[in-house]
Trainee: 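Once you've had a glance at the structure underneath, I'll fire off some questions.
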Amino acid sequence: MAKKMLSEIIRSANGLPSKEERMNYLKEHQHPALLDIFRIAYDDDIVSLLPKGAPEYKKDDAPDGYNYTTLYREFKKFKFFFKGPIGNQMNPIKREKVFLDILETLHPDESELLVKAKDKKFKYKYITKKLVSDTFPNLLKKTTKEQDKKQAE
């Protein structure tokens, strides 16, 4: 049986009737790529080095299941797209080219998921920052109100 795309997993979890079922479903489908998508979307310490929005790209028109790649294979490249020792060293033009290449070889739903996560525009009614924090307690960096005040100053 083929592995479900991350976009399918998140959409399916969002459609489940209870918080408990959503949490269990996400735990069952736990994978480093899924956790990275949640961190990118909800962790305020993850800051994109890419321009906002989706670049113009040619959507992959391969039949479902026959796309060139998946987020499961590409998630190791995420480190190039965000602030940090690796991302900061990459040439911005090359970074955008790598991102564009990924978007063009993923299923369109996966590409859209990655762009929305990168832009912190994850809009699922039931897949919230709180649900992700409750499901994977050590995944997102928690800030206290005191830390928030210091950052605002």
Trainee: Parallel, tilted or perpendicular: which fits the ring planes of Phe81 and Phe78, with parallel below 30° and perpendicular above 60°?
Mentor: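 If you compare the ring of Phe81 with that of Phe78, the planes turn out tilted.
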Trainee: Is the closest side-chain heavy-atom distance between Leu140 and Arg39 below 4.5 Å?
Mentor: yes
Trainee: State, yes or no, whether a side-chain contact exists between Met5 and Thr70 at a heavy-atom distance under 4.5 Å.
Mentor: no
Trainee: Do you know which two heavy atoms are closest between Asp61 and Lys58, and how far apart they sit?
Mentor: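 That would be OD2-NZ, 4.3 Å.
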Trainee: To the nearest 0.5 Å, what is the distance between CD1 on Ile46 and NZ on Lys141?
Mentor: 10.0 Å
Trainee: Taking the side chain as every heavy atom from C-beta outward, state whether Glu110 and Leu6 have any pair of such atoms under 4.5 Å apart.
Mentor: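 Yes, side chains in contact.
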Trainee: Calculate, to the nearest 0.5 Å, the distance between atoms CZ and CD belonging to Phe99 and Glu74 respectively.
Mentor: 11.5 Å
Trainee: Once rounded to the nearest 0.5 Å, what's the spacing between atom CG of Asp109 and atom CD of Glu8?
Mentor: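 The distance works out to 8.0 Å.
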Trainee: Give me the atom names and distance for the closest heavy-atom approach of Ser12 to Lys4.
Mentor: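 The answer is OG-NZ, 4.1 Å.
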Trainee: With sequence neighbours left out, write down each residue that passes side-chain hydrogen bond (donor to acceptor under 3.5 Å, both in side chains) with Asp134, or none if nothing qualifies.
Mentor: Lys19, Lys130
Trainee: Is it the case that one hydrophobic cluster holds both Leu16 and Tyr126, taking links as side-chain heavy atoms less than 4.5 Å apart, direct or via other members?
Mentor: no
Trainee: For atom NZ of Lys116, decide whether the heavy atoms of other residues, nucleotides or ligands shown that lie under 6.0 angstrom number more than 12.
Mentor: no
Trainee: Test: side chain to side chain donor-acceptor pair (under 3.5 Å). Region: residues 83-99. Which pairs qualify, not counting sequence neighbours?
Mentor: Lys97-Asp101
Trainee: Going by the side chain to side chain contact (heavy atoms under 4.5 Å, CB included) test, name the single residue among Leu131, Asp43, Leu26 that passes it with Phe38.
Mentor: Leu26
Trainee: How many angstroms lie between atom CG of Asp36 and atom NZ of Lys77, to the nearest 0.5 angstrom?
Mentor: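 The NZ atom of Lys77 is 14.5 Å from CG of Asp36, to the nearest 0.5 Å.
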Trainee: Would Phe75 and Leu34 count as a side chain to side chain contact (heavy atoms under 4.5 Å, CB included) here? Give the steps.
Mentor: CA-CA 9 Å; Phe75 83 97; Leu34 179 66; over 6 Å; no
Trainee: For the residue pair Leu113 and Phe122, establish whether any side-chain heavy-atom pair is separated by less than 4.5 Å.
Mentor: yes
Trainee: Would Val98 end up clustered with Val47 when hydrophobic side chains under 4.5 Å apart are linked, directly or stepwise?
Mentor: no
Trainee: Distance-only, no hydrogens or angles: does the Gln30 side chain make a donor-acceptor pair with backbone N or O of Leu35 under 3.5 Å?
Mentor: no
Trainee: Whether the side chain of Arg73 engages the backbone of Tyr68 through a donor-acceptor N/O pair (distance < 3.5 Å, no angle test) should be reported.
Mentor: yes
Trainee: If every non-hydrogen atom of Asn14 is compared with every non-hydrogen atom of Ile127, which pair is closest and at what distance?
Mentor: OD1-N, 3.4 Å
Trainee: Given side chains that start at C-beta, do those of Leu106 and Asn67 come closer than 4.5 Å, heavy atoms only?
Mentor: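 When only atoms from C-beta onward are counted, Asn67 and Leu106 do not touch, as no gap falls below 4.5 Å.
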Trainee: Given 3.5 Å as the limit, does a donor-acceptor pair link the side chain of Lys59 with the main chain of Pro108, or not?
Mentor: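 Looks like no, no N/O pair under 3.5 Å.
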Trainee: Does a side-chain heavy-atom distance below 4.5 Å link Ile37 with Leu114?
Mentor: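 The answer is yes; the side chains approach within 4.5 Å.
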Trainee: Does Leu49 belong to the same Ile/Leu/Val/Met/Phe/Trp/Tyr cluster as Met90, with side-chain heavy atoms less than 4.5 Å apart forming each link?
Mentor: no
Trainee: Please set out all donor-acceptor pairs under 3.5 angstrom arising from side-chain atoms of residues 50-57, sequence neighbours excluded.
Mentor:
none

Trainee: Measure across Ser48 and Phe82 and return the closest heavy-atom pair with its distance rounded to 0.1 Å.
Mentor: CA-CD2, 3.4 Å
